[in-house]
Structure formats: structure tokens, C-alpha cells
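First up is the structure itself, then whatever we jot down about it.
In listed order, ligands and their atoms are each counted from 1. The structure presented is a predicted model; accordingly, all values stated were derived computationally and were not measured.
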Amino acid sequence: MKKKLVVLSGAGISAESGIKTFRDSGGLWEGHDVMEVASPEGWRRNQDLVQDFYNQRRKQAKECQPNEAHLKLASLENFFDVSIITQNVDDLHEKAGSTKVIHLHGELSKAQSSIDPKLIYNLDHWEIKKGDKCEKGSQLRPFIVWFGEAVPKMDEAIQLAMQADIFIVVGTSMQVYPAAGLLDYVPKQALTFLIDPNSPGSGLRRDIVYIQKKATEGMKDLEELLLGQNF
Ligand code: APR
């Protein structure tokens with residue numbers, strides 16, 4: 001029976017693939033008022049602005065490729081039962097070959113009905129246009145969990161965190177809840193690692209092994225460590 005390895009990833013893991021993070025200097029939110037482009041109120045106020053913001057991100061993400069960190073997480077499936085819980089809306093974990101990926105904050109590659117959240121559609125192009133409608137006749141919106149909206153997959157993520165033998169946090173500032181709270185569900189006896197080149201601010205709340213490196217470097221170290229031990 002393979003040990004359960006659970007990952008919580010954030011924008012930092014996609015940084016070396018050319019996708020901006022949110023809160024680093026020059027980050028995505030630096031150019032925008034978050035609530036203008038990532039909240040239901042912003043959508044109600046100016047649908048074109050919101051639609052264009054995500055069309056631009058979708059167009060950019062389509063050109064990006066997974067980096068060594070994504071690829072190493074995918075290859076760990078040969079040795080562990082790996083579940084990826086990501087806050088990212090790009091599909092780089094899937095492109096790298098990870099087979100179990102939960103997107104807590106939605107997916108750029110999908111559109112959602114603006115009157116029935118259960119209606120979700122794969123997008124094979126980068127643009128959602130005004131007039132693109134769901135089967136019930138309402139305008140399609142980005143399939144993104146905006147600030148103030150529920151995080152439907154959180155319960156599933158909590159169940160995974162509670163069963164982890166190994167828990168890896170990579171590339172997230174741990175500032176956005178409920179995602180950041182997942183760490184609290186990880187069993188005390190689990191091996192927990194944090195990979196981030198910037199120190200985690202107020203210090204770590206538990207015996208976390210902290211790898212202060214970029215994701216591609218940190219994952220190389222972690223892979224050696226995990227495969228070197230006989231778990
Ligand atoms: N490798 C690893 N980590 C990195 C790298 C890198 N190359 N570059 C930056 N980081 C780290 C930063 O130090 C920071 O801790 O990645 C983290 C990025 O933090 P944020 O920009 O806050 O991104 P994230 O934590 O994913 O944001 C969470 O907030 O805006 C919402 O919905 C959005 O999903 C997002 C959520």
C-alpha cells in the first residue's frame with residue numbers, strides 16, 4: 001500500500017513557468033484592484049472588465065508549460081499515492097501528468113453558467129465572449145471561485161489532508177482561507193514540508209521541514225530526500 005502524499009500548491013509553483021504570482025512584487029494583484037476583477041460585485045459592476053482579465057490570463061496560460069517542480073510531483077506517483085490540491089487555476093499539474101488534481105479556486109480552462117453554477121463547460125479556445133451563453137440562456141462566466149464565493153471542493157481537500165502521511169506545501173503565501181487552513185487538518189505524525197524561496201512570515205506553527213528554495217530546486221531536494229528514505 002503506497003503512502004499518501006498530499007500537496008497544497010499555490011501560484012509560486014507556476015512562477016518558473018512564466019505565470020505571475022499574486023502577492024509578490026509585480027504580482028498579478030499589483031496591477032488590479034482584486035475586488036474589481038475577482039469578486040461577484042466586480043462581475044456585476046463590469047462584466048467586460050472581468051471577462052477580459054480572465055481572457056488575458058487564459059491566453060497566457062495556454063502558452064505555458066509545466067516546469068520541473070510540476071513534473072517531479074507527477075513522477076512521485078510511481079512511489080506514492082499522490083493527491084494534488086491546488087489554488088492555481090492553470091492546468092500545469094495536469095499537463096505535467098498528475099492524475100489526481102483538485103482545483104480549490106476553479107479552472108481557467110472552463111466556463112460556468114452565470115445562473116446555474118452546476119453548468120460547467122470545457123473551453124477549447126482562450127476567449128469567453130459577450131453573448132456566449134449556457135444551455136439555460138445566461139452569459140458564461142469564468143469558472144473561478146471569486147473572493148466571497150464558496151469553495152465547493154474544500155471538504156474533499158480536508159479529507160485528503162486528514163489522511164496524509166506526507167504533506168507538501170509549495171509556492172503559496174498561505175494568506176487566503178479556507179485553503180490556508182488545510183495545514184491544520186494534517187495529522188501530527190505526518191511528515192510536512194514547505195517549499196518557498198521567501199520566508200513564511202510569522203514562522204511555522206509546527207515541526208515543518210522548511211526548504212527555502214524555488215519550487216524547481218526545492219522539489220529536486222525533496223525528491224532525493226523522499227526517495228532516499230525507505231518510507
Ligand atoms: N517557487 C516557489 N515559491 C515561489 C516562487 C518560486 N519560484 N516564487 C514565488 N514563490 C512564493 C512566494 O514567496 C509566495 O509565498 O509563492 C507564493 C505566492 O503567494 P501568492 O502570490 O499569495 O499566491 P497564492 O498563495 O497561490 O495565492 C492564493 O489568492 O489571490 C488569490 O485565488 C488567488 O489562488 C490565489 C490565492
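For E41 and R44, the salt-bridge test passes: some basic side-chain N is under 4.0 Å from an acidic carboxylate O. Salt-bridge formation is detected for the pair D81/K100: a Lys NZ or Arg NE/NH1/NH2 atom is positioned less than 4.0 Å from an Asp or Glu carboxylate oxygen.
For residues 151-166, no pair satisfies salt bridge (Lys or Arg N to Asp or Glu O under 4.0 Å), with sequence neighbours left out. Within the structure, salt bridge (Lys or Arg N to Asp or Glu O under 4.0 Å) pairs that include any residue of residues 47-64 comprise D48-K130 (at least two apart or interchain).
W126 is linked by a side chain to side chain donor-acceptor pair (under 3.5 Å) to nothing, counting only residues two or more places apart in sequence or in another chain.
Every protein residue with a heavy atom nearer than 4.0 Å to ligand 1 is included here: G10, A11, G12, A15, E16, T21, F22, R23, D24, W29, Q87, H105, F147, G171, T172, S173, V176, D196, P197, N198, K214, A215.
The backbone N or O of G171 sits nowhere less than 3.5 Å from a side-chain atom of D196 that would complete a donor-acceptor pair.
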